[in-house]
Amino acid sequence: MIDFSPLWSTMETKQVTQYQLLKQGIDNKTLDSLKKNKNITLVTLEKLCRILNCSPNDIVRFTD
């Protein structure tokens, strides 16, 4: 199962808000998918990594 909990922790640590993500090109539908632990594209994952200056492990983890 995909878990995006690390994303919210990373955002808090780096003091990045959801509004800032919206301004950088992450749309509301994608934010909703992240909140519900639904699939996102690798392009979106890469974009989040660039915005937050982090690695994919700081955004997503896989659980059993």
Side-chain angles (χ1 to χ4, degrees):
M1 179 174 190
I2 296 172
D3 178 21
F4 289 107
S5 299
L7 168 64
W8 311 113
S9 300
T10 301
M11 285 174 59
E12 187 174 329
T13 301
K14 296 184 179 266
Q15 297 182 344
V16 174
T17 65
Q18 290 181 41
Y19 179 72
Q20 289 170 307
L21 293 182
L22 289 169
K23 296 282 276 183
Q24 301 252 357
I26 304 296
D27 62 25
N28 274 322
K29 182 179 175 190
T30 301
L31 283 176
D32 188 56
S33 292
L34 290 165
K35 289 175 190 174
K36 294 177 179 175
N37 289 324
K38 293 186 176 177
N39 294 336
I40 60 170
T41 66
L42 288 175
V43 171
T44 300
L45 181 60
E46 180 183 11
K47 192 182 287 189
L48 287 166
C49 288
R50 288 180 193 263
I51 293 169
L52 296 169
N53 191 25
C54 66
S55 72
N57 288 337
D58 297 321
I59 293 176
V60 64
R61 70 176 162 216
F62 297 96
T63 59
D64 292 333

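Atom set for the values below is all heavy atoms of this structure, side chains included, hydrogens, waters and symmetry mates excluded. Numbers for residues simply follow the sequence, beginning at 1.
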_Testing the 3.5 Å rule here: is there a donor-acceptor pair between the side chains of D3 and S5?_
yes
*Check whether the side chains of K35 and Q18 place a donor and an acceptor atom closer than 3.5 Å, and report yes or no.*
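Their side chains do contain a donor-acceptor pair, which is all the 3.5 Å distance test asks for.
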*Mind listing the closest non-hydrogen atom pair of S55 and C49 along with its distance?*
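Shortest heavy-atom separation between S55 and C49 comes out as C-SG, 3.7 Å.
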*Taking all heavy atoms of C54 and all of K14, pick out the closest pair and write down the distance.*
CB-CE, 4.3 Å
*Decide if atom CZ of R61 counts as having more than 12 heavy atoms of other residues, nucleotides or ligands within a radius under 6.0 Å.*
yes
*asked:* If you count every heavy atom of other residues, nucleotides or ligands that lies below 6.0 Å from D32 atom CG, does the total exceed 12?
replied: yes
*Other hydrophobic cluster members with I40, side-chain heavy atoms of Ile/Leu/Val/Met/Phe/Trp/Tyr under 4.5 Å, chained?*
I2, F4, L7, W8, M11, V16, L21, L22, I26, L31, L34, L42, L45, L48, I51, L52, I59, V60, F62
